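Here is how names work: the chains are called A, B, and so on, in the same order as the sequence lines, proteins then strands, and each is numbered from 1. Bear in mind the structure is a predicted one, so any value in this text is a computation, not a measurement.
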Protein chains: 2
Amino acid sequence: MLEKKQIRKTPFRQEVLKLFKASKNAISLKEIERNLTSFDRITLYRTLKLFIEKGLIHEVLHSSGKKYALCKEQCDEHQHQHNHLHFHCSSCKESFCLKTHIQDLNLTGYIIEQTDLSVHGVCKKCNN
Amino acid sequence: MLEKKQIRKTPFRQEVLKLFKASKNAISLKEIERNLTSFDRITLYRTLKLFIEKGLIHEVLHSSGKKYALCKEQCDEHQHQHNHLHFHCSSCKESFCLKTHIQDLNLTGYIIEQTDLSVHGVCKKCNN
DNA sequence: TTTAAAATCGCAACAATGTTGCATTATTAT
DNA sequence: ATAATAATGCAACATTGTTGCGATTTTAAA
C-alpha cells in the first residue's frame with residue numbers, strides 16, 4: 001500500500017484511500033460519507049486531516065465548500081505542489097492581492113464565470 | 001455613495017463598506033466584526049452575501065477560512081472577474097483537475113508552499 | 001411632509017461543520 | 001506474545017451558515 005507515507009495502515013484508512021483512488025475528480029465530504037459503509041464523523045475528519053498533512057491528498061477550495069483529491073505530484077508533509085493571484089501568508093495571515101500575468105487558459109468549450117489564482121506561503125515581510 | 005449598485009443605503013451597510021474601503025488587503029469575518037462598533041451576526045452575514053451577489057466584493061478562499069475584498073473590476077450581479085487549475089462546474093458541481101500551463105509567477109522574496117488556480121463556470125459537458 | 005409599500009434589521013432557533021479530551025481498542029515493533 | 005504507541009469512537013463544545021418572522025427603517029409616491 002501507498003500507506004508508507006508514514007501513515008499507519010488501518011481498515012478505515014484503507015477504505016477512504018480506496019475511495020480516493022476510485023475517484024476521477026475531487027470529492028466532497030458528503031460524497032465520501034455517502035460511499036462509506038459505516039463511518040465515525042470525527043475519525044473521518046481526522047483521517048482527511050492526516051492525509052493532507054502527509055501529502056497524500058490536498059484540498060480543493062471553492063465558495064460553497066471544500067473538496068479533496070489525491071495529490072498527483074510528489075507532495076509530502078513539508079510541501080504541497082499544486083499552483084493564486086491572492087497571496088496568503090501563513091505567518092502574518094494577511095492575504096495580498098498580487099498582480100500577476102496569467103496567460104490565456106485554453107479552456108475552449110467551457111464557460112468561465114469566475115477564476116481564482118491563490119498562493120500559500122510566506123510573504124516578503126515575514127521572510128526576513 | 002457607491003451604493004448605487006442597486007443596494008439600499010443603510011447605516012450598517014455604509015459602515016461595512018467603509019471598512020472595506022479602508023482595508024488594503026482582503027479581510028476575514030472576524031476582522032470585520034472586530035472593527036464594527038456593534039453588529040448583528042446575521043445581518044453581517046446577509047450584508048456580505050448581498051455585497052457579493054451585487055458584485056461589490058468577492059470571496060478570497062483559503063484552507064482555513066474565507067476572506068473578503070472589494071472588487072477591483074467591473075463586477076456585477078451576473079459575473080465576477082477575478083482568475084484555477086481546478087475547474088468547478090456550477091451546473092454538475094464536479095471539480096475537474098485541468099492541466100494548464102502556468103507561467104512562472106515572479107514572486108521574488110516570497111516563499112511559496114502551495115498554490116491553487118481555480119475556475120468557476122460551466123464545463124464542456126454541461127455547456128451543450 | 002406624510003404615508004404606505006417594500007426592504008432591512010435583529011432575534012430565536014436550528015443545521016452543518018470543525019475541534020478537543022479521553023477511555024477503549026487496534027497496530028506495530030520488540 | 002507483549003508492551004509501547006497510535007487510532008478509534010463517543011461526548012461535548014465551538015464556529016459558522018441559514019431560515020423565519022415580527023419590528024423597524026428606507027424609499028418613493030401622494
Phosphate OP1/OP2 of C:dT17 contacted by A:Tyr45 side-chain N/O (<4.0 Å): no

Between [N] ([atom2]) and [X] ([atom1]): distance, integer Å:
{"X": "A:Lys30", "N": "C:dG18", "atom1": "NZ", "atom2": "P", "value": "11 Å"}
{"X": "A:Leu48", "N": "D:dT8", "atom1": "CG", "atom2": "C1'", "value": "15 Å"}
{"X": "A:Ile32", "N": "C:dA16", "atom1": "CD1", "atom2": "P", "value": "17 Å"}
{"X": "B:Lys66", "N": "D:dT18", "atom1": "NZ", "atom2": "C1'", "value": "12 Å"}
{"X": "B:Glu31", "N": "D:dT16", "atom1": "CD", "atom2": "C1'", "value": "16 Å"}
{"X": "B:Glu59", "N": "D:dG17", "atom1": "CD", "atom2": "P", "value": "9 Å"}
{"X": "B:Leu29", "N": "D:dT18", "atom1": "CG", "atom2": "C1'", "value": "14 Å"}
{"X": "B:Arg41", "N": "C:dC11", "atom1": "CZ", "atom2": "P", "value": "12 Å"}

B:Leu56 side, atom CG; B:Leu17 side, atom CG - distance, nearest 0.5 Å: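 Interatomic distance, B:Leu56 CG to B:Leu17 CG, rounded to 0.5 Å: 5.5 Å.
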
Side-chain touch B:Lys49/B:Glu53, heavy atoms, less than 4.5 angstrom: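 B:Lys49 reaches B:Glu53 side chain to side chain.
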
Residues in side chain to side chain contact (heavy atoms under 4.5 Å, CB included) contact with A:Asn35, at least two apart in sequence or another chain: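 Once residues adjacent in sequence are excluded, the partners of A:Asn35 under the side chain to side chain contact (heavy atoms under 4.5 Å, CB included) criterion are A:Leu19.
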
Minimum heavy-atom distance between A:Leu70 and A:His58, given as atom pair plus value: O-CE1, 3.5 Å

Heavy-atom donor-acceptor pair, B:Arg13 side chain to B:Thr47 backbone, under 3.5 Å: no

Heavy-atom donor-acceptor pair, A:Asn127 side chain to A:Val122 backbone, under 3.5 Å: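 It does not hold such a pair.
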
Check the interface with nucleotides 6-10 of chain C: list each N/O to N/O pair with the protein under 3.5 Å, or write none.
| from | atom 1 | to | atom 2 | distance (Å) |
| --- | --- | --- | --- | --- |
| C:dA7 | O4' | B:Arg8 | NH1 | 3.3 |
| C:dA7 | O4' | B:Arg8 | NH2 | 3.4 |
| C:dT8 | OP1 | B:Arg13 | NH1 | 3.1 |
| C:dT8 | OP1 | B:Arg13 | NH2 | 3.1 |
| C:dT8 | O5' | B:Arg13 | NH2 | 3.2 |
| C:dC9 | OP1 | B:Thr10 | OG1 | 3.0 |
| C:dG10 | N7 | B:Arg46 | NH2 | 3.3 |
| C:dG10 | O6 | B:Arg46 | NH2 | 2.5 |

